[in-house]
Amino acid sequence: MDGPQDDASEENTGSSERRSSIASRSTTGRLKPKLSRFARLMARNAVAVVVAVVAGVATFLLTSIFSSQTPVRQSSHLPEVNASTEKLLYSPDELSVDVNHTPSTHANCWTLSIASPRPDAYRCMIGNYIYDPCFTSELLKPTVVCPTAPWRNVAFTAIPTSPLSDIDKGLTQQEVALDRGAHPRPIPSNVTSNPNYVWALKLSNGVGCFKATGASGGIASLNATFDCTNGGQLEGAIDTANVLWTAVYFPPATHVAIQMPIAEAWF
């Protein structure tokens, strides 16, 4: 009797071991996917942390580079302590002998000026170059006057290839409401008190700058608002809080920001 019981016992023991092995494999099989998902989650979190740290360091470095501004350089070009920005309304009828007046020169004036919202300002192409603004002149009709250095009274003059009145036909309702278009139309009396009408600046260091009207990348994090004749740029808005206006000036081929006083503002 002992023999069959021993065999049964051994058989039961073997069955238990097999069930235990199967259970173990089943349990192990169920745990593997959980561990795999956990590992993937940890990996994603680790990558996110690394990216955030790198972005934070980069932002800090860029901020450190571009946020600091050097003091205004002291030179013979700087205005006196009590100086103020001279606000000048450009008059195309008051031209000197420096004007480059070539009667045979023609201009394709196809739209209103982008640089100036004055009602007598247009955007014209002379040869391969765009001039903006170009102003109509009562004394030089039908010639337009395109200033290249208003602080020295230097300008190009040209004859439009088509009547400027044709541009009025394509004006938007907003432009008509602003009384823009072909002459004769009055220039608002408050032009020189409105910084939005500024299209050219002469800095205290003698550098001239014109309102940017095309693609301009900007040197710092801001966009260039004025392109200067020496290759420099003005970034951001003009500071008009005081009688002496200032602008953030970046000299050519540098990332050094200078809070530069403005000697002349042309409207």
Side-chain angles (χ1 to χ4, degrees), residues 84-171 174-203 206-214 226-229 238 240 245 262-267:
S84 60
T85 298
E86 189 174 4
K87 302 174 183 64
L88 302 164
L89 181 65
Y90 185 78
S91 174
D93 296 330
E94 298 176 3
L95 300 175
S96 69
V97 293
D98 293 328
V99 172
N100 182 359
H101 180 54
T102 306
S104 60
T105 301
H106 288 81
N108 176 21
C109 302
W110 75 97
T111 187
L112 299 176
S113 170
I114 298 175
S116 171
R118 278 177 49 165
D120 58 340
Y122 293 85
R123 185 174 177 87
C124 305
M125 176 171 283
I126 302 176
N128 295 324
Y129 297 94
I130 293 177
Y131 292 86
D132 188 352
C134 291
F135 298 96
T136 56
S137 171
E138 288 294 321
L139 298 180
L140 299 176
K141 284 183 178 179
T143 299
V144 292
V145 179
C146 309
T148 56
W151 36 85
R152 291 192 290 112
N153 209 10
V154 177
F156 276 103
T157 61
I159 300 174
T161 54
S162 59
L164 297 177
S165 57
D166 289 350
I167 297 177
D168 286 357
K169 300 175 183 177
L171 294 181
Q174 181 180 7
E175 290 168 336
V176 172
L178 293 174
D179 200 28
R180 298 197 63 183
H183 243 32
R185 299 198 182 193
I187 298 174
S189 58
N190 63 340
V191 164
T192 55
S193 62
N194 187 347
N196 293 327
Y197 278 84
V198 176
W199 54 269
L201 297 168
K202 182 182 178 182
L203 306 180
V207 174
C209 305
F210 290 88
K211 198 164 194 177
T213 61
F226 284 79
D227 293 320
C228 302
T229 55
I238 301 171
T240 60
W245 292 2
I262 297 172
E264 299 176 7
W266 288 85
F267 297 79

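Numbering of residues begins at 1 and proceeds along the displayed sequence. Keep in mind it's a predicted model, so treat the numbers as computed, not measured.
- Remark: SG of C134 is found under 2.5 Å from SG of C146.
- The distance from the SG atom of C228 to the NZ atom of K202 is 13.5 Å, given to the nearest 0.5 Å.
- In this structure, CG in L201 is found 11.5 Å from CH2 in W266, a value given to the nearest 0.5 Å.
- In this structure, K87 forms a cation-pi arrangement with W245, its terminal cationic atom sitting closer than 6.0 Å to the ring centre and no more than 45° off the ring axis.
- Judged purely by distance below 3.5 Å, without hydrogens or angles, the side chains of T136 and D120 never pair a donor atom with an acceptor atom.
- Side-chain contact between Y131 and M125 is absent, with no heavy atoms from C-beta onward closer than 4.5 Å.
- No side-chain donor-acceptor contact under 3.5 Å links T143 to the backbone of T157.
- Remark: K141 NZ to I159 CD1 distance equals 14.5 Å, nearest 0.5 Å.
- In terms of modelled atom types and a separation under 3.5 Å, the side chain of D93 and the main chain of E138 share a donor-acceptor contact.
- The side-chain heavy atoms of L89 and R118, taken from C-beta on, include a pair separated by under 4.5 Å.
- Judged by distance alone, the side chain of S116 and the main-chain N or O of S113 form no donor-acceptor pair under 3.5 Å.
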Next on the checklist: Using the rule given for ring-ring contact (aromatic ring centres under 6.0 Å, His included), can you reason through F226 versus F210, listing the C-alpha separation, both sets of side-chain angles and the distance that settles it, and then say yes or no?
Outcome noted: CA-CA 5 Å; F226 284 79; F210 290 88; 8.8 Å; no
Next on the checklist: Assess the residue pair T148 and F156 against the criterion (side chain to side chain contact (heavy atoms under 4.5 Å, CB included)); give the C-alpha distance rounded to whole Å, side-chain angles, the decisive distance to 0.1 Å, and a yes or no.
Outcome noted: CA-CA 7 Å; T148 56; F156 276 103; 3.5 Å; yes
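- The backbone N or O of F267 lies less than 3.5 Å from a partner atom in the side chain of W199, making a donor-acceptor pair.
- Looking at every heavy atom in both residues, P147 comes nearest to A155 through CA-CB, 3.5 Å.
- Applying the salt bridge (Lys or Arg N to Asp or Glu O under 4.0 Å) test to pairs two or more places apart or on separate chains, those with a residue in residues 124-133 are R123-D132.
- Heavy atoms only, all atoms of each residue included: A115 and K211 are closest at O-CD, 3.3 Å.
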Checklist entry - Y122 and L112: side chain to side chain contact (heavy atoms under 4.5 Å, CB included), yes or no, with the steps? => result CA-CA 4 Å; Y122 293 85; L112 299 176; 3.7 Å; yes
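- Put simply, the side chain of Y197 does not reach to within 4.5 Å of the side chain of N190, judged on heavy atoms.
- Heavy atoms only, all atoms of each residue included: V144 and C109 are closest at CG2-SG, 4.2 Å.
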